[in-house]
Structures are given as structure tokens and as C-alpha cells.
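Side chains included, hydrogens not; waters and symmetry mates left out as well; all remaining heavy atoms used.
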Amino acid sequence: MSSSDKSNLLKAQSPAALAEEYIVKSIWNQLYPAGTDLPAERELADKIGVTRTTLREVLQRLARDGWLTIQHGKPTRVNNIWETAGPNFITTLIKLDPSYVPMIIDNVVSLRTRMAEYYVPKAVGLDATACLALFAGLDQLQNTAEDYAKFDYELFRRFTFVANKPVYGLILNSFKTLYKQTACLFFSNEQARQETFAFYQALKTACENGSAEQASECMAKNRQKSSEMWTKILQDSTTASFDKIS
């Protein structure tokens, strides 16, 4: 590997990390475009400066993450990562190109909000008492971004099970880390925490009243206010602020 190649890599702590970063960045930068084959193992290992055993381990891991397709007896094929990757790819994407951060935030917020607008009122309609119990820790909620992010995630994840929509819970599980990182950015704003606490109280009241309709109206109002708040936060945020979700 040339010195210029090495200088463009993220800091690696091991030969395996070095190899993974080199391959990922080479695919992302179109040195190995989607649909093409990687060089033979011996050639690629020599180019990176790692053993073939280390390289094989890295290739297997990247195949599991969706970057590659390993074909026995054939060259390793580069995938279109947008078609084959799972949620774990998002963290890598942020490191590769921070300009995607606003789009990622928009997608994560939209996914959670639209799902929740469907299953939260259903949960209240099915079992308002169980829904009310989800707010047991609200009075003890600490006024920090991290505590709000944790409470928000657990609240909406648990609503999925009361609503008998466990697949939604699994979807939230699949991007738990990103959800909390995004929420921490949102809740780093004092006004966002204040408005969200008021939303929690309103939703709790809907549960006390056993009103799915009231819960639906509460969710819709929160979507509007959150959207306005996100617009302000993203306008005010610098690249350094986005480190919170990287």
C-alpha cells in the first residue's frame, strides 16, 4: 500500500482494522465498484500489508455486513451496498461522508414518528392501563440529553408490545444505537426537552383517559412541533455537533 493510501485511511488499531478500512474506502471511492471483483487474496493481502488469514477474516466480516459476496472457487464480488447492507452500515456511512448526516436524521425520525403514530393509539385502545404503566419513571426523568434519549427509546419500544406489534419493536431494536445517538442530538436542546416532557405528560393523560383518539391527536401535534424543532437544530448545528451520532 502506498504512503498516500495509508494517509487517507482512518486510524486503525490492528491489521484487521487496517484491512477493513482500506477495502471499505476503496469500494466507497469506486476503486472497486459495485459489480466488480476484488483482486485475488494473495495480491490484495500484499497490497494492504496483512496476512492472508487476516484478510480472509475481514472479507468474511464484510460479507456479513453486505459489502461483499464470497463465491467459493470464484473471485469475491463487490455488492451495491445500498441494496445489501443493514442498519449497521449507517455508522460507517457517517464516517465515510458526514454530509449524509441530515438525511440520516430525517430518515430515522420519520421512521420512528410514522410507525409510532400508528401503533401508539392502537396500544392505548387495546390496554390503556398497560400503556399508563410505561410512564412510571417519568417523574424521575433527569434533565439530560442522555436520559431523555434512553427514556424515549424505551417508551416507544415498549408501546410496540402493548400494541401487539412486536415486529415494530424489532425494527427499533435494529437501529437502537443510531436512534439514541440521534435522540441525544435532539435532546441536547433545552427547549426540545421541555416540549417533549410536555408531550409525555399529554400522552400519559390520554392513557389515563383510555382515549386512543386523544393519543392520536397528541402524536400528530408532537410530530409537527418536533419537525419545527429539528429544522432549527439542524440549521444551528455545526459539523462538530454531528459527532454525537458518529
Under 6.0 Å from the CD atom of Glu213, do we count more than 12 heavy atoms belonging to anything else shown?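 It does not: Glu213 CD has 12 such atoms or fewer within range.
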More than 12 heavy atoms from other groups under 6.0 Å of NZ on Lys180: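 Correct, the count exceeds 12.
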[X] side chain vs [Y] backbone, donor-acceptor pair below 3.5 Å:
X: Asp97; Y: Ser99; value: yes
X: Thr36; Y: Pro33; value: yes
X: Ser216; Y: Ala212; value: no
X: Thr113; Y: Ser110; value: no
X: Asn79; Y: Gly66; value: yes
X: Ser174; Y: Ile171; value: yes
X: Gln140; Y: Leu138; value: no
X: Ser227; Y: Arg223; value: no
X: Asp152; Y: Tyr148; value: no

Membership question, hydrophobic clusters at under 4.5 Å side-chain separation (ILVMFWY): are [Y] and [X] in the same one?
X: Leu134; Y: Leu126; value: no
X: Ile90; Y: Tyr100; value: yes
X: Tyr118; Y: Met219; value: yes
X: Leu68; Y: Leu96; value: yes
X: Met115; Y: Phe161; value: no

Should Phe199 and Lys225 be marked as a side-chain contact (heavy atoms from CB on, under 4.5 Å) after you check the CA-CA gap, both sets of side-chain angles, and the distance that decides it? CA-CA 10 Å; Phe199 159 66; Lys225 288 187 176 181; over 6 Å; no
Verify side-chain contact (heavy atoms from CB on, under 4.5 Å) between Ile23 and Trp28, making sure each step is shown before the conclusion. CA-CA 9 Å; Ile23 294 170; Trp28 186 254; over 6 Å; no
Which pair of non-hydrogen atoms, one from [X] and one from [Y], has the smallest distance, and what is that distance?
X: Ala206; Y: Ala215; answer: CB-N, 3.7 Å
X: Pro75; Y: Leu38; answer: CB-O, 4.5 Å
X: Ser188; Y: Ala145; answer: N-CB, 3.7 Å
X: Ala192; Y: Met229; answer: CB-CG, 3.9 Å
X: Cys218; Y: Leu203; answer: SG-N, 3.6 Å
X: Leu172; Y: Tyr119; answer: CD1-OH, 3.7 Å

The test is side-chain contact (heavy atoms from CB on, under 4.5 Å); show your working for Glu228 and Lys232 and say whether it passes. CA-CA 7 Å; Glu228 294 170 357; Lys232 181 178 184 299; over 6 Å; no
Evaluation steps, ring pair (Phe, Tyr, Trp, His ring centres under 6.0 Å), between Phe187 and Trp230: CA-CA 10 Å; Phe187 291 126; Trp230 265 120; 8.9 Å; no
What distance separates [X] [atom1] from [Y] [atom2], expressed to the nearest 0.5 Å?
X: Phe197; Y: Asp139; atom1: CZ; atom2: CG; answer: 6.0 Å
X: Asp65; Y: Gln60; atom1: CG; atom2: CD; answer: 11.5 Å
X: Trp67; Y: Asn80; atom1: CH2; atom2: CG; answer: 10.5 Å
X: Glu195; Y: Lys221; atom1: CD; atom2: NZ; answer: 13.5 Å
X: Glu217; Y: Ser211; atom1: CD; atom2: OG; answer: 7.0 Å
X: Leu170; Y: Thr160; atom1: CG; atom2: OG1; answer: 8.0 Å

Under-4.0 Å salt bridge between Glu41 and Arg52: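 So Glu41 pairs with Arg52 through a salt bridge.
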Can you find a side-chain donor-acceptor pair between Tyr153 and Asn173 that sits under 3.5 Å?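 A pair is found: one side chain offers a donor N or O, the other an acceptor, under 3.5 Å apart.
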Strictly by modelled atom types, are Thr51 and Thr54 linked by a side-chain donor-acceptor pair under 3.5 Å?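 Yes - a donor-acceptor pair under 3.5 Å links their side chains.
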Are the side chains of [Y] and [X] in contact, using a 4.5 Å heavy-atom criterion?
X: Thr177; Y: Gln181; answer: yes
X: Tyr168; Y: Arg157; answer: no
X: Asp37; Y: Thr76; answer: no

So, applying salt bridge (Lys or Arg N to Asp or Glu O under 4.0 Å) with Glu20, which one of Lys95, Arg64, Arg61, Lys25 is it?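 Per the salt bridge (Lys or Arg N to Asp or Glu O under 4.0 Å) rule, the option paired with Glu20 is Arg61, out of Lys95, Arg64, Arg61, Lys25.
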Salt bridge (charged side-chain N to carboxylate O under 4.0 Å, His left out) between Glu154 and Arg158, worked out: CA-CA 6 Å; Glu154 290 299 334; Arg158 290 169 179 167; 3.7 Å; yes
Checking Phe186 against Ile105 for the side-chain contact (heavy atoms from CB on, under 4.5 Å) test, could you report, in this order, the C-alpha distance in whole Å, the side-chain angles of both residues, the deciding distance, and whether it holds? CA-CA 10 Å; Phe186 181 75; Ile105 289 175; over 6 Å; no
I want to check a possible cation-pi pair here: Arg112 against Phe156, using under 6.0 Å from ring centre and within 45° of the ring axis as the test.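 Judged by the rule (NZ or CZ under 6.0 Å from the ring centre, within 45° of its axis), Arg112 counts as positioned above Phe156.
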Using 30° and 60° as the class boundaries, would you call the ring planes of Phe159 and Phe135 parallel, tilted or perpendicular?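 Ring orientation of Phe159 relative to Phe135: perpendicular.
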Counterpart residues, side chain to side chain donor-acceptor pair (under 3.5 Å), relative to Arg193 (two or more places apart):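 Only Asn143, Glu190 meet the side chain to side chain donor-acceptor pair (under 3.5 Å) criterion with Arg193.
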